[in-house]
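See structure below.
All residue numbers in this chain count up from 1 along the given sequence. Counting starts at 1 for both ligands and their atoms, following the listed order. For the numbers below, each heavy atom of this structure counts, side chains included, while hydrogens, waters and symmetry mates do not.
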Amino acid sequence: MMRYSDIVGPPAFPTFEPAERLLMGPGPSPIYPSVLQSLAKPTLGHLDPQFIKMMDEVKQMTQYAFQTSYPLTFIVSAPGSAGMETAFVNLVEPGEKVIVCRNGVFGGRMVENVLRCGGIPVIIDQEWGKPVDPDSLEITLKANPDTKIVAFVHAETSTGAASDAQLICEIATKYHCLTIVDSVTGLGGIPLFTEKWNIDAIYSGSQKCLSCIPGLSPVAFSPRAAEKIKNRKSKVQSWFLDLNLVMAYWEDGLQAGQRAYHHTAPVNSLYALHEALRLLCQEGLENAWNRHREMHLLLLEGLQDLGFTFLVDEPFRLPQLNAVFLPSGIENEANLRKKLLLEHQLEVGAGLGALSGKIWRIGLMGYGANKENVEQCLNAIKKVI
Ligand SMILES: *Cc1c(COP(=O)(O)O)cnc(C)c1O
C-alpha cells in the first residue's frame with residue numbers, strides 16, 4: 001500500500017442529524033414527506049430517456065403552475081436568485097433603460113442586476129410594506145419613453161406585500177415594454193396568470209409555496225422575450241445562464257437522443273420538484289390559493305388576539321407571508337425568536353433592512369399552510385411572549 005507521509009488527517013464527524021423544526025419563516029417551507037422520500041430514489045443519468053420523460057412532465061406541470069403555455073418554460077438548476085439573474089442577464093442589453101419598481105429587498109436586488117448587466121435602472125421607490133404603485137409607473141413610463149423593460153416583485157417576501165401584477169403588466173405593455181416579474185413567493189400561494197397578464201419573464205423558487213427542497217428555480221419566458229434573446233446584439237455575459245444555450249437543451253421537439261449536454265441536471269432534486277408539482281396539480285391551484293388564504297385568516301385572528309399588528313394594509317397582504325409588529329412593550333425580539341426555535345422547534349423570520357428588529361415574518365407556505373401549524377405556532381408564541 002502506498003503511504004503519503006505528508007497527508008493531513010481527515011476530520012471525523014458523525015452522520016448529520018438535523019432537528020425537526022417547524023419552518024414558518026420566509027422559506028424554506030415545510031416539505032411534503034413524499035417529496036423528501038423522492039430524493040432517495042436511484043439517480044438516473046441526466047440524458048437517460050426515462051429522466052428526460054420525467055423532465056417533460058416537470059415542464060408541463062410548471063406551465064400549469066405558472067398558468068402559461070410558453071414553450072420556454074423550464075427549471076434553472078440553482079435557487080430563486082439564479083432565476084432572477086437568468087431573467088436579467090438574458091433580457092437586459094447594455095445601455096437599455098429598465099424601470100424597477102422597488103418596494104422591498106428583492107426589488108433592490110433587481111436594481112443590482114440591471115447595473116451588472118450594463119443597463120440603466122430607473123427606480124420607482126415605494127415605502128416598504130406598500131404595493132407597487134401603478135400610477136407612478138405610468139408617470140415614469142411617460143417621462144422615459146425609451147424604457148425597454150419594467151421589473152417588479154409580485155410577492156415581496158421582505159414586507160409581505162402583494163402587488164397588482166396584472167395591472168402593472170398591462171401598463172408596461174401599453175408602453176411597449178417587456179416585463180420581468182419575481183414570483184418566487186407568489187407561485188402556488190396567490191393567483192398568478194403569467195400568460196393572460198402578459199408577463200414576459202417570470203421566475204420562482206422551489207422552497208416557498210411549492211414546498212420542495214431549496215435550490216431550484218422554475219422560470220418561464222414569453223415568445224416575445226425568447227425572440228429578443230435570440231436577436232441580442234451582445235453576448236449574454238453569463239455562460240451558465242445564457243438561454244441561447246439552455247434552449248437547445250430544453251426546447252420542444254427534440255428527441256431524447258438529440259438532447260445536448262449543457263450541464264449535469266440536479267437529478268434527484270428534480271425528482272423532488274416533480275413530486276411537489278404533482279401534489280400541487282392534484283390539489284389544484286384554486287384550492288391551494290384558497291387554503292393559503294384561509295390559513296392566513298386563522299393566523300391573523302390569533303395574532304391580533306395576542307396584540308400583533310400587520311405591517312401591510314388589508315387588501316395587499318400576502319397570505320403566505322405575514323409581516324407583523326410585535327405587541328407593544330415587548331423588547332428584544334431576537335431573543336424571543338431564539339426561544340421559539342430552541343424550545344419550541346419553531347422558526348419564524350426576522351425583519352430585513354429598516355424593518356430589522358421591528359417585525360416578524362411568519363410564513364404559511366405550501367405544505368406548511370395547515371391548521372395544525374397555525375395552532376402550534378400561536379401556542380408557541382403565546383408561551384414565549
Ligand atoms: C426567496 C426569494 C428570492 C431568492 O430566492 P433564493 O432561492 O433564496 O435564491 C427572490 N425573490 C423573492 C421575492 C424571494 O422571496
Side-chain angles (χ1 to χ4, degrees), residues 23-31 35 62 65-66 74-89 100-114 116 126 128-132 151-165 168 179-190 192 194 199 201-220 238 240-241 266 269-270 272-273 276 292 311-312 316-323 347-353 355 359-366 368-369:
L23 300 175
M24 294 184 73
S29 61
I31 294 170
V35 170
T62 304
F66 277 133
F74 66 99
I75 311 300
V76 176
S77 303
S81 306
M84 179 187 283
E85 198 138 342
T86 302
F88 284 89
V89 296
V100 178
C101 308
R102 177 169 68 180
N103 63 339
V105 167
F106 294 101
R109 290 194 182 175
M110 287 178 151
V111 173
E112 193 57 39
N113 268 276
V114 173
R116 287 173 192 230
Q126 208 46 238
W128 284 29
K130 299 266 186 279
V132 168
F152 66 96
V153 179
H154 181 211
E156 227 334 322
T157 323
S158 61
T159 68
S163 288
D164 187 343
I168 298 162
T179 50
I180 297 179
V181 180
D182 176 325
S183 199
V184 174
T185 286
L187 183 70
I190 50 170
L192 167 65
T194 299
I199 295 173
I202 189 157
Y203 55 89
S204 189
S206 48
Q207 80 279 26
K208 309 235 172 156
C209 294
L210 296 180
S211 275
C212 184
I213 56 162
L216 296 172
S217 178
V219 300
S238 161
F240 186 65
L241 300 177
S269 299
L270 287 161
L273 185 63
H292 280 89
L311 168 70
V312 178
F316 313 112
R317 282 178 199 153
L318 286 170
Q320 64 271 50
L321 198 288
N322 298 266
E347 178 180 281
V348 300
L352 296 179
L355 295 169
I359 61 163
W360 279 357
R361 292 180 300 147
I362 306 181
L364 283 171
M365 296 182 180

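- For Thr159 against Val312, the heavy-atom pair with the smallest separation is O-CG2, 3.2 Å.
- Contact record, Ser269 with Ile213: OG-CD1, 3.6 Å, taken as the closest heavy-atom pair.
- Residue Gln207 has at least one N or O atom closer than 3.5 Å to an N or O atom of ligand 1.
- Within ligand 1, the atoms closer than 4.0 Å to a non-hydrogen atom of Ala155 are 13 (C), numbered from 1 in the order shown.
- Between Lys208 and ligand 1, at least one pair of N/O atoms sits closer than 3.5 Å.
- The closest non-hydrogen atom to atom 13 (C) of ligand 1, taken over Val105, Thr157, Leu216, comes from Thr157.
- Atoms of ligand 1 found under 4.0 Å from any heavy atom of Gly80, numbered from 1 in the order shown, are 5 (O), 6 (P), 7 (O), 9 (O).
- Shown here for His154 and Ala165, the closest heavy-atom pair between the two residues is CD2-CB, 3.7 Å.
- Screening Val153, Val181, Ile168 for a side-chain contact (heavy atoms from CB on, under 4.5 Å) with Ser163, the sole residue that qualifies is Ile168.
- Every atom of ligand 1 is numbered from 1 in the order shown, and the set under 4.0 Å from a heavy atom of Asp182 is 10 (C), 11 (N), 12 (C), 13 (C).
- By the side chain to side chain donor-acceptor pair (under 3.5 Å) test, Ser29 pairs with Ser211, sequence neighbours left out.
- Taking each heavy atom of Pro319 and Ile190 in turn, the nearest pair found is CD-CG2, 3.5 Å.
- Within the structure, the closest approach of Glu156 to ligand 1 does not fall below 4.0 Å when heavy atoms are considered.
- Residue, atom and distance of the protein heavy atom nearest to atom 4 (C) of ligand 1 are Ser81 OG, 3.6 Å.
- Annotation for ligand 1: atoms under 4.0 Å from non-hydrogen atoms of Thr185 are 15 (O).
- Closest heavy-atom contact between Phe66 and Thr194: O-OG1, 2.7 Å.
- Residue contact annotation: His154 has no non-hydrogen atom under 4.0 Å from ligand 1.
- Shortest contact from atom 3 (C) of ligand 1 to any protein heavy atom: Phe106 CE2, 3.4 Å.
- The two residues Ala161 and Lys130 come nearest to each other via the heavy atoms CB-O, 3.9 Å.
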